[in-house]
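As structure tokens, the structure follows; a few thoughts come after it.
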Amino acid sequence: MSEKTLEKTYEPGSVEGRWADYWIKEKLATPGERSEKPSFSMVIPPPNITGALHLGHALNSTLQDILARSRRMRGFNVLWLPGIDHAGIATQNVVEKQLAAEGLDRHKVGREAFIERVWKWKNESGGTIINQLKRLGASCDWTRLRFTMDEGLSRAVREVFTSLYKEGLIYRGDYIINWCPRCHTALSDLEVEFNETEGSLWYMRYPLVKPAGGIEYLTVATTRPETMLGDTAVAVNPEDGRYKALIGKKVRLPFVEREIPVIGDDSVSIEFGTGAVKITPAHDFNDFEVGRRHKLQSIKVMDESARMNENAGPFKGMDRYEARKKVVSGLEEKGLLEKTEKHKLMLGGCYRCSTIVEPTLSKQWFVKVAPLAGPAIEAVEDGRIKFVPKNWENLYFDWMRNIRDWCISRQIWWGHRIPAWHCRDCGGVTVSTIDPDKCESCGCKNIEQDPDVLDTWFSSALWPFSTLGWPEKTGDLKAFYPTSVLSTSFDIIFFWVARMAMMGLKFMKDVPFREVYIHALIRDAKGQKMSKSKGNVIDPLVMMEQYGTDAFRFTLAVLAAQGRDIKLAEDRIAGYRNFCNKIWNVARFTLMNLDETFFEAMASGRARVDESRFNMADKWIWERRNACIREVIEAIDTYRFDEAARVLYRFVWHELCDWYVELVKLDLRGESGAERKLDAQSTLATVMMDTMKLLHPFMPFITEEIAEKLPGHAGSLMAGDFPKEGRAFPDEAARMEDVMDVIRAVRNIRTDMNVPPSAMADCFCFADDPGLRETLSEGAEYIKLLARVKGLVIAEKGERPGDSVSAVAGAGQKKAEVFVPLGGLVDFEVEEKRITKELSKAEGEASGLMKMLGNEEFTKKAPPEVVEKDRARLEVLEEKTGKLKAGLERIRT
RNA sequence: GGGCGGAUAGCUCAGUCGGUAGAGCACAGCCCUUACAAGGCUGGGGUCACAGGUUCGAACCCUGUUCCGCCUACCA
């Protein structure tokens with residue numbers, strides 16, 4: 001007995017923390033400085049500093065960890081760089097809430113003190129997700145942890161901003177942007193989330209200044225009546241016969257009594273509404289464009305909180321929704337409201353606070369995207385960046401080709417402050433990487449830095465090179481840029497992938513990553529999106545606590561099929577918890593069977609696995625092991641994590657545990673001699689260790705815990721190597737399968753004939769093929785042990801034993817007829833049914849094959865190997881049906 | 001409106017070259033056989049959404065239909 005015994009069940013809670021700490025303490029995820037090994041690098045998609053680990057993070061981190069650990073074990077110099085982003089708006093919201101609780105607000109506190117406060121919050125409670133990732137076992141290089149507001153990364157931001165500005169790719173201008181009236185900041189197009197809402201369409205009459213041809217007024221339809229106060233035109237389609245004559249005429253805007261022109265513009269749909277559209281350039285994206293085309297005046301009617309301003313006449317001071325009601329009722333009183341219809345529309349809300357966004361004219365900083373997008377499109381077109389699965393490329397192209405300029409300024413304080421200084425004297429703008437002390441234009445010192453900060457995604461776009469030290473020319477950049485792969489969710493292809501591609505190509509002259517793996521989205525068991533409001537959120541930390549991190553990780557991996565959403569049900573995790581326990585117990589079995597003699601042999605080097613000393617069972621498991629290694633590597637390299645996990649599951653449970661462990665028990669008992677016992681122990685121990693290595697990228701904790709106790713292992717699996725395929729034994733493995741088939745056939749008979757498991761049976765195997773007889777003789781002890789057989793006879797043919805039940809065994813080329821005598825216990829009726837069933841199945845299959853082989857078209861046109869395969873199959877089936885028929889004959893006579 | 005994806009066992013899903021439809025879970029029967037009852041053995045269960053087409057042969061390729069997701073869009 002080994003001293004290293006295991007508990008009967010696996011207790012993840014007691015081992016996970018120890019290993020997580022150990023990996024970090026030993027810095028096992030830190031790549032070698034000057035490594036000869038090929039590089040493999042990834043940057044983590046930086047989670048928000050305000051965030052907690054959710055299933056999306058857990059999935060993505062698990063998959064990345066599988067990549068990182070397997071590559072590391074396979075001899076790559078792996079860098080997986082972790083970090084977090086500063087989440088400008090979200091973080092500011094958190095701290096503003098704190099201030100509000102103290103009866104303060106950021107304006108009372110002041111900019112400098114406020115930012116200090118945010119840093120304080122960051123240091124105290126920000127980035128909890130980092131610890132949660134460590135808990136998940138993520139093998140990031142924690143010594144390289146980065147934060148978007150770090151000094152180095154901030155320098156990269158300034159460098160990029162300045163460079164793009166000098167090149168004219170960053171500009172400042174009056175544009176219509178999405179404004180959040182609660183956060184008081186501009187939002188980029190992507191930060192607005194649209195939802196279908198039940199609204200109304202109001203039909204409003206604008207009186208003509210000079211009624212003509214009996215027409216008194218023009219009716220326009222709108223979903224936002226309050227914006228009419230800022231209307232500066234009414235547009236109609238120039239092709240619209242109804243209104244053609246009115247183009248150039250004027251209408252009088254109710255309430256504010258402004259005279260505005262009727263204009264012709266192609267963008268107006270003739271069919272929708274009345275065919276006449278009110279134009280509010282200061283509060284609508286489309287109207288803004290129309291306004292530019294027709295050089296219309298823009299009149300803002302709301303302030304930064306979306307309250308009506310001085311331009312709103314009698315509605316000044318009202319909230320926009322109150323104003324809407326008052327405008328509608330006012331029009332009604334004047335008889336200018338024609339009708340109201342129910343109308344579904346898409347309303348945009350702030351992605352941080354869901355407040356309905358107000359399109360507003362405002363002075364903002366923009367990145368001119370088109371010149372940057374071109375090269376980024378090309379990089380995907382010519383394959384320098386590959387998407388997996390490939391169809392996501394379409395989404396990328398669509399967006400990149402229809403891209404609008406990116407609004408990068410935010411009216412908040414937490415973030416990278418825009419490195420632009422405005423001159424109070426001459427109005428000139430000075431943009432610089434280092435704080436200037438005078439105006440570039442007039443040389444005066446009366447300058448002031450722009451108050452705005454940059455969109456958080458601006459710094460995230462630089463992440464793949466800023467984290468490696470850019471703009472310094474560092475060794476890390478040289479070794480790890482471009483990164484090998486970026487793993488992320490499809491919903492940030494726009495936010496992040498596309499922008500990284502643009503910035504990487506612009507500033508590094510190379511793609512930021514060679515492959516982009518887009519993982520699935522996790523939904524609940526019913527296929528619904530998880531959300532706090534629905535209450536169907538599964539907390540990964542709770543799952544890890546309850547079922548063990550390894551079980552949880554394995555579940556995520558096995559569900560991560562490409563191109564499909566993941567429906568996560570808790571009982572799946574429980575299922576893989578059982579798998580962990582199975583692994584634990586086969587390890588337990590192994591350790592229980594490695595005795596003193598074995599350890600002594602180990603010490604003297606005699607217990608090394610020796611392929612030339614394998615017996616039939618050893619060769620079979622070795623063959624399966626080789627296949628497992630091959631298939632796992634192939635699957636991981638093509639991002640088929642589900643396939644890899646399935647292969648492992650099958651190997652461990654159905655090959656190693658169900659068969660090899662049962663087969664090897666014979667030799668472990670010492671009945672085949674001490675030498676054979678030692679060989680069996682060596683094979684078992686080796687296969688177990690290899691199994692731990694194979695599983696390690698998926699289940700890092702349990703595998704380390706077990707490997708530590710297995711003989712001949714020191715240190716960590718993580719730092720060790722990955723198993724390599726060994727010698728192949730295809731023919732020997734097939735022979736083992738023939739033996740297994742006989743075992744299955746006997747078990748089958750036993751169950752069907754209700755032979756109690758405790759009763760031993762006799763068995764006769766008749767086989768024409770001498771090779772098969774030899775195989776079965778070699779496997780005789782296995783058949784006895786695993787099919788619970790007492791007396792076993794193997795012969796070419798013989799007297800059919802009396803009162804026996806028969807079956808035909810063999811998945812291989814040749815069939816054996818198996819008889820189990822049951823004394824007086826045979827229920828011939830049951831037996832007849834059994835055989836008839838099997839016979840009809842075989843005959844059905846055979847007749848299908850015969851029909852096909854009888855078809856000349858098939859034999860002529862199908863590839864010869866397919867025809868040959870089917871011929872052989874038919875032959876085997878005919879042998880089988882013959883034997884079954886003979887069996888039936890015997891029963892009936 | 002445009003685009004993408006899906007429909008295979010009771011459930012969740014694999015199925016890569018077009019060549020015998022698979023797994024896990026669930027279910028049923030028997031079993032506490034010394035690694036494991038979070039287990040073992042055995043079994044039942046499918047018109048591959050529907051209709052055509054291509055082919056010797058289709059779950060797979062093509063066309064159309066139905067249903068279900070998701071993403072996008074300036075019909076105010």
Side-chain angles (χ1 to χ4, degrees), chain A residues 6 8-10 194 201-202 220-224 227 235 267-280 284-290 343 345-346 389 391-392 394-395 398-399 402 490-491 493 521 523 525 527-529 547 551 558-559 561 563-569 571-572 574-593 634 638 640 642-643 646 649-650 653-654 657-658 661-662 665 744 747-752 754-758 785-788 845 848-849 852 855-863 865-867 869-870 873 877:
Chain A
L6 301 179
K8 203 169 172 178
T9 51
Y10 174 56
F194 288 91
L201 195 58
W202 286 275
V220 297
T222 182
T223 54
R224 298 194 302 153
T227 61
S267 70
V268 180
S269 156
I270 296 175
E271 288 80 34
F272 189 85
T274 62
V277 192
K278 59 190 272 317
I279 300 295
T280 326
D284 183 280
F285 280 88
N286 187 49
D287 294 1
F288 177 76
E289 296 297 329
V290 175
H343 182 67
L345 72 161
M346 300 296 280
N391 46 315
W392 291 112
N394 293 330
L395 187 66
D398 274 3
W399 190 69
N402 301 307
F490 79 91
D491 50 3
I493 288 178
L521 205 73
R523 302 170 176 283
Q528 295 183 312
K529 234 176 178 167
Y547 299 102
V558 85
L559 291 174
R564 190 187 270 267
D565 289 345
I566 296 177
K567 289 180 197 158
L568 185 66
D571 59 352
R572 292 301 295 260
Y576 294 108
R577 186 259 330 256
N578 296 358
F579 181 47
C580 289
N581 195 233
K582 189 76 180 176
I583 295 168
W584 186 255
N585 272 286
V586 70
R588 186 160 171 260
F589 170 84
T590 304
L591 291 170
M592 284 169 83
N593 283 284
E634 162 81 17
T638 48
R640 296 196 315 253
D642 58 322
E643 174 73 10
R646 252 195 306 277
Y649 187 94
R650 187 197 64 207
W653 204 311
H654 298 305
C657 294
D658 286 354
V661 161
E662 297 304 323
K665 278 176 181 170
R744 284 192 197 100
R747 282 173 171 173
N748 203 321
I749 291 172
R750 296 180 60 117
T751 302
D752 283 354
N754 292 317
V755 180
S758 53
L785 178 68
L786 300 187
R788 299 191 62 74
E845 213 181 310
L849 276 173
M852 209 150 72
N855 184 348
E856 217 176 283
E857 293 291 298
F858 173 67
T859 49
K860 220 164 52 187
K861 291 185 184 167
E865 62 271 20
V866 171
V867 178
K869 211 175 105 197
D870 283 350
R873 247 177 69 215
L877 274 171

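Keep in mind it's a predicted model, so treat the numbers as computed, not measured. In what follows, chains are A, B, ... by sequence order, proteins preceding strands, each numbered from 1. Heavy-atom basis, side chains included; hydrogens, waters and symmetry copies ignored.
- Each of A:Tyr10 and A:Gly575 was assigned the nucleotide of RNA chain B with the nearest heavy atom; the assignment lying further toward the 5' end belongs to A:Gly575.
- Using atom C1' as the reference point in both B:rG22 and B:rC61, the two lie 22 Å apart (nearest Å).
- In terms of phosphate contacts, A:Trp653 brings a side-chain nitrogen or oxygen within less than 4.0 Å of OP1 or OP2 of B:rG40.
- Taking only side-chain nitrogens and oxygens, A:Lys8 never comes nearer than 4.0 Å to OP1 or OP2 of B:rG39.
- Not a single donor-acceptor pair, N or O on each side, falls under 3.5 Å between the base of B:rA23 and the side chain of A:Glu643.
- In this structure, A:Val661 reaches the bases: a heavy-atom distance under 4.0 Å links it to at least one base atom across the strands shown.
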At a cut-off of 3.5 Å, list every protein nitrogen or oxygen paired with a nitrogen or oxygen from nucleotides 74-76 of chain B, distance to 0.1 Å.
| residue | atom | partner | partner atom | Å |
| --- | --- | --- | --- | --- |
| B:rC74 | O2 | A:Asn286 | OD1 | 3.3 |
| B:rC75 | O2 | A:Ser269 | OG | 3.3 |
| B:rA76 | OP2 | A:His343 | NE2 | 3.2 |
| B:rA76 | O2' | A:Ala221 | O | 3.3 |
| B:rA76 | N6 | A:Ser269 | O | 3.0 |
| B:rA76 | N6 | A:Phe272 | O | 2.7 |
| B:rA76 | N1 | A:Ser269 | N | 3.3 |

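- Within 4.0 Å (heavy atoms only), A:Glu865 reaches no atom of the nucleic acid at all.
- Every residue two or more places apart in sequence or in another chain was checked for a side chain to side chain contact (heavy atoms under 4.5 Å, CB included) with A:Thr751, and none qualifies.
- For the side chain to side chain contact (heavy atoms under 4.5 Å, CB included) test, residues two or more places apart in sequence or in another chain that qualify with A:Arg646 are A:Val558, A:Asp642, A:Glu643.
- Partners of A:Asn855 under the side chain to side chain contact (heavy atoms under 4.5 Å, CB included) rule, at least two apart in sequence or in another chain, are A:Glu857, A:Phe858.
- When heavy atoms are screened at a 4.0 angstrom cut-off, A:Cys657 is found touching base atoms of the nucleic acid.
- Per the geometry, NZ belonging to A:Lys861 stands 18 Å off P belonging to B:rG19, to the nearest Å.
- In this structure, CZ on A:Phe490 lies 12.0 Å from CG on A:Asn391, to the nearest 0.5 angstrom.
- Comparing B:rC27 with B:rC70, their P atoms sit 31 Å apart, to the nearest whole Å.
- Between the CZ atom of A:Phe579 and the P atom of B:rG40 there is a distance of 12 Å, given to the nearest Å.
- Closest to the side chain of A:Lys665, out of B:rA35, B:rG24, B:rC56, is B:rA35.
- Residue contacts shown for A:Pro756 are absent, as no nucleic acid heavy atom lies under 4.0 Å away.
- For the pair A:Asp398 CG and B:rG2 P, the computed distance is 14 Å after rounding to whole Å.
- Of the candidate nucleotides B:rC56, B:rC71, B:rC36, B:rC71 has the atom lying nearest to any side-chain atom of A:Phe490.
- The same atom, C1', is picked in B:rA37 and in B:rG5; the two are 42 Å apart, to the nearest Å.
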Grab the N/O contacts between the protein and nucleotides 44-48 of chain B below 3.5 Å, and write none if there aren't any.
| residue | atom | partner | partner atom | Å |
| --- | --- | --- | --- | --- |
| B:rG44 | OP1 | A:Lys837 | NZ | 3.1 |

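- A donor and an acceptor atom sit less than 3.5 Å apart, one in the side chain of A:Lys582 and one in the base of B:rC36.
- Taking atom CZ on A:Arg788 and atom C1' on B:rC41, their separation rounds to 11 Å, with Å as the unit.
- A donor-acceptor pair is defined here as one N or O able to donate and one able to accept, closer than 3.5 Å; no such pair exists between the side chain of A:Arg788 and the backbone of A:Arg750.
- A:Phe579 and A:Tyr649 have their aromatic ring centers within a separation under 6.0 angstrom.
- Residue contacts for A:Arg650: at a heavy-atom cut-off of 4.0 Å it reaches no nucleic acid atom on any strand shown.
- Residue A:Arg640 is classed as a base contact, given a heavy-atom separation below 4.0 Å to a base.
- For the atom pair A:Asp287 CG and A:Thr280 OG1, the distance stands at 5.0 Å (nearest 0.5 Å).
- Residues A:Thr222 and A:Lys278 come closest through the heavy atom pair CB-CD, 3.6 Å.
- In terms of heavy atoms, A:Cys657 sits closest to A:Lys582 at CB-CE, 3.7 Å.
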What do the steps show when you test A:Trp399 against A:Ile493 for side-chain contact (heavy atoms from CB on, under 4.5 Å), and what is the final call?
-> CA-CA 9 Å; A:Trp399 190 69; A:Ile493 288 178; over 6 Å; no
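- At the heavy-atom level, A:Asn581 lies under 4.0 Å from base atoms of the strands shown.
- The two residues A:Tyr547 and A:Arg577 make their nearest non-hydrogen contact at O-CG, 3.5 Å.
- As rounded to whole Å, 14 Å separates atom P of B:rG40 from atom CG of A:Leu786.
- Counting heavy-atom neighbours within 6.0 Å of A:Glu865 CD, excluding the residue itself, gives a total above 12.
- When rounded to the nearest whole Å, the span between CG of A:Asn748 and C1' of B:rG29 equals 13 Å.
- A sub-4.0 Å separation between OP1 or OP2 of B:rA14 and a side-chain N or O of A:Tyr649 is absent.
- If you check distances only, the side chain of A:Arg744 never reaches the base of B:rU42 with a donor-acceptor pair under 3.5 Å.
- Side-chain N/O atoms of A:Asn578 include one lying less than 4.0 angstrom from OP1 or OP2 on B:rG39.
- As a whole-Å value, the separation of A:Met852 CE from B:rU20 P is 8 Å.
- Here the nucleotide nearest the side chain of A:Asp752, chosen from B:rU42, B:rG19, B:rC13, is B:rU42.
- Atom CG of A:Leu395 and atom P of B:rG5 are 12 Å apart (whole Å).
- Taking OG1 from A:Thr223 and NE2 from A:His343, the interatomic distance works out to 6.5 Å, rounded to the nearest 0.5 Å.
- Although no hydrogens or angles enter the test, the distance criterion places a donor-acceptor pair under 3.5 Å between the side chain of A:Arg588 and the main chain of A:Leu6.
- Residue A:Thr751 has its side chain nearest to B:rC41 when only B:rC41, B:rG24, B:rA35 are considered.
- We find the CD-CG distance between A:Glu662 and A:Leu786 to be 6.0 Å, quoted to the nearest 0.5 Å.
- Within 4.0 Å (heavy atoms only), A:Ala862 reaches at least one base atom of the nucleic acid.
- Evaluation of atom-type donor-acceptor distances gives a pair under 3.5 Å for the side chain of A:Arg577 against the base of B:rA38.
- Residue A:Arg572 places its side chain closer to B:rU12 than to any other of B:rG19, B:rU12, B:rA35.
- In the set B:rA38, B:rC56, B:rC36, B:rC56 carries the atom at the smallest distance from any side-chain atom of A:Pro863.
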Applying the Watson-Crick and G-U criteria (both distances under 3.5 angstrom) with [ ] for crossing and | for other-strand pairs, one obtains for RNA chain B (((((((..((((.....[..)))).(((((.......))))).....(((((..]....))))))))))))....
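- Among the nucleotides B:rG19, B:rC41, B:rU12, the one closest to the side chain of A:Lys869 is B:rG19.
- An OP1 or OP2 oxygen of B:rC30 is reached within less than 4.0 angstrom by no side-chain nitrogen or oxygen of A:Asn754.
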